[in-house]
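Everything on this sheet refers to the single structure shown next.
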Amino acid sequence: MINLYKANMKRITGNFIFIGGCIIAFLATFVFTANLIGMKGRFEAFGPDRRMFFISIAMMIFFTIFVPLYTNLEYRYGVIRNKITAGFSQKEVYFSHLFGHLTALAIMMVSYILGGILGGARDFGKMAVLSIVIFFALCGYIATMMLISFRILKVVVLSIAAFLILEVIYTGTMVGNALLAFVLKGTAKQVGIIVYNMSVFGQWFTGTGLSDDFINPGRPQQIIISAVVILVMVFFATLGLDKRDLK
């Protein structure tokens, strides 16, 4: 599987969409952190560190597009079929893609962090903690995108599914804010907090300082929740995968 992973990384790092994404991650983070666009009011009052974290959610949008598109192109151009014909299992192909995308995320995170530092972010301790939290949350999101990318082979249906998941996560977070603040009590509220933090958008919202403090169960707990999401997504993505007949 190491050779599959290396081959994937070579194609990913040479992909113009990914290269462009890393450049945008650096430039957008730098511009927003330094507030070169001159935004006033609450955004200006955030300060460099909060502005840096605020723009990090753009990586969620990027991987909503990149993961399904890259994987589906691998199917359509016969790359995945060739790997299976060469003797690799579909699970090995899946994990090589998953680890490739997670590595791509790590590379983009470096671009993002560099842009934030050059833009004026200076609370390095808080920056490190929030970056780790958002990294694991994004890993869970990428694992979710990988699940549908390996199960839905029609590009139109896959695109609809990817953006539907994005919309559900966004809407769920907004509704979750209201439910947790005004409706849920006791045990139901504790369960609601866990569900809220299962999505990268929910965890991002707690890091912006815009949500109520009680919605954040703790940074270590958020990482644990993200790890569970990753494991669940991997389980369902690989369930019976080797028995699937690629037409």
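Because the structure is predicted, anything quoted here is derived from the model rather than measured. Heavy-atom basis, side chains included; hydrogens, waters and symmetry copies ignored.
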Give me the ring orientation class for [X] and [Y]: parallel if the planes are under 30° apart, tilted from 30 to 60°, perpendicular past 60°.
| X | Y | value |
| --- | --- | --- |
| Tyr94 | Phe150 | perpendicular |
| His97 | His101 | tilted |
| Tyr170 | Phe201 | perpendicular |

Centroid separation Phe54 to Phe32 less than 6.0 Å: no

Salt bridge flag under 4.0 Å for residues Glu74 and Arg11: yes

For Ile160, what are the other residues in its hydrophobic cluster, where any two members join if their side-chain heavy atoms are less than 4.5 angstrom apart? Val155, Val156

Sidechain-backbone polar pair: Asn177 side chain, Thr173 backbone, donor-acceptor under 3.5 Å: yes

Can any side-chain N or O of Trp204 pair as donor or acceptor with the backbone N or O of Ala137 at less than 3.5 Å? no

Looking at [atom1] of [X] and [atom2] of [Y], how far apart are the two atoms once the value is rounded to the nearest 0.5 Å?
| X | Y | atom1 | atom2 | result |
| --- | --- | --- | --- | --- |
| Phe163 | Thr64 | CZ | OG1 | 6.5 Å |
| Ile24 | Ile19 | CD1 | CD1 | 12.0 Å |
| Ser199 | Ile169 | OG | CD1 | 5.5 Å |
| Met145 | Leu138 | CE | CG | 11.5 Å |
| Ile148 | Leu158 | CD1 | CG | 5.0 Å |
| Thr208 | Ile55 | OG1 | CD1 | 13.0 Å |

Of all heavy-atom pairs between [X] and [Y], which one has the smallest distance, and what is that distance?
| X | Y | answer |
| --- | --- | --- |
| Glu92 | Phe88 | OE1-CA, 3.4 Å |
| Asn8 | Ser96 | ND2-OG, 3.0 Å |
| Ile17 | Phe62 | O-CE1, 3.6 Å |
| Ala162 | Tyr141 | O-OH, 4.4 Å |
| Gly192 | Leu184 | CA-CD1, 4.2 Å |

Are [X] and [Y] grouped together when hydrophobic residues (ILVMFWY) are joined by side-chain heavy atoms under 4.5 angstrom apart?
| X | Y | value |
| --- | --- | --- |
| Leu164 | Leu69 | no |
| Leu102 | Met146 | yes |
| Val195 | Ile215 | no |
| Val175 | Ile194 | no |
| Val183 | Ile193 | yes |

Carefully, step by step, assess Cys139 and Leu105 under the rule side chain to side chain contact (heavy atoms under 4.5 Å, CB included). CA-CA 8 Å; Cys139 284; Leu105 169 62; 3.8 Å; yes

Got a list of side-chain donor-acceptor pairs under 3.5 Å for residues 216-241, not counting sequence neighbours?
{"unit_1": "Asn216", "atom_1": "OD1", "unit_2": "Gly218", "atom_2": "N", "d": "2.9"}
{"unit_1": "Arg219", "atom_1": "NH1", "unit_2": "Thr206", "atom_2": "OG1", "d": "3.3"}
{"unit_1": "Arg219", "atom_1": "NH1", "unit_2": "Gln222", "atom_2": "OE1", "d": "2.8"}
{"unit_1": "Gln222", "atom_1": "NE2", "unit_2": "Asn197", "atom_2": "OD1", "d": "2.8"}
{"unit_1": "Gln222", "atom_1": "NE2", "unit_2": "Thr206", "atom_2": "OG1", "d": "2.9"}
{"unit_1": "Ser226", "atom_1": "OG", "unit_2": "Gln203", "atom_2": "NE2", "d": "2.9"}
{"unit_1": "Ser226", "atom_1": "OG", "unit_2": "Gln222", "atom_2": "O", "d": "3.1"}
{"unit_1": "Thr238", "atom_1": "OG1", "unit_2": "Val234", "atom_2": "O", "d": "2.8"}
{"unit_1": "Thr238", "atom_1": "OG1", "unit_2": "Phe235", "atom_2": "O", "d": "3.4"}

Sequence neighbours left out, cut at 3.5 Å: what donor-acceptor pairs do the side chains of residues 108-128 make with other protein atoms?
{"unit_1": "Ser111", "atom_1": "OG", "unit_2": "Ile107", "atom_2": "O", "d": "3.4"}
{"unit_1": "Tyr112", "atom_1": "OH", "unit_2": "Met52", "atom_2": "O", "d": "3.3"}
{"unit_1": "Arg122", "atom_1": "NH1", "unit_2": "Ile117", "atom_2": "O", "d": "2.8"}
{"unit_1": "Asp123", "atom_1": "OD1", "unit_2": "Lys126", "atom_2": "N", "d": "3.4"}

Beyond-backbone contact of Leu180 with Phe214, side-chain heavy atoms, under 4.5 angstrom: yes

Residue pair Leu4, Phe95: steps toward the side chain to side chain contact (heavy atoms under 4.5 Å, CB included) verdict: CA-CA 9 Å; Leu4 287 178; Phe95 280 112; over 6 Å; no

Tell me whether the count of non-hydrogen atoms from other residues, nucleotides or ligands lying under 6.0 Å of CG in Asp212 goes above 12. yes

Evaluate the criterion side chain to side chain contact (heavy atoms under 4.5 Å, CB included) for residue pair Ile80 and Gln90; output intermediate values, then yes/no. CA-CA 8 Å; Ile80 290 178; Gln90 293 193 58; 6.0 Å; no

Between Thr171 and Glu167, a side-chain donor and acceptor under 3.5 Å: yes

One pair to check against side chain to side chain contact (heavy atoms under 4.5 Å, CB included): Tyr196 and Phe205. What are the steps and the verdict? CA-CA 10 Å; Tyr196 183 95; Phe205 210 78; 3.4 Å; yes

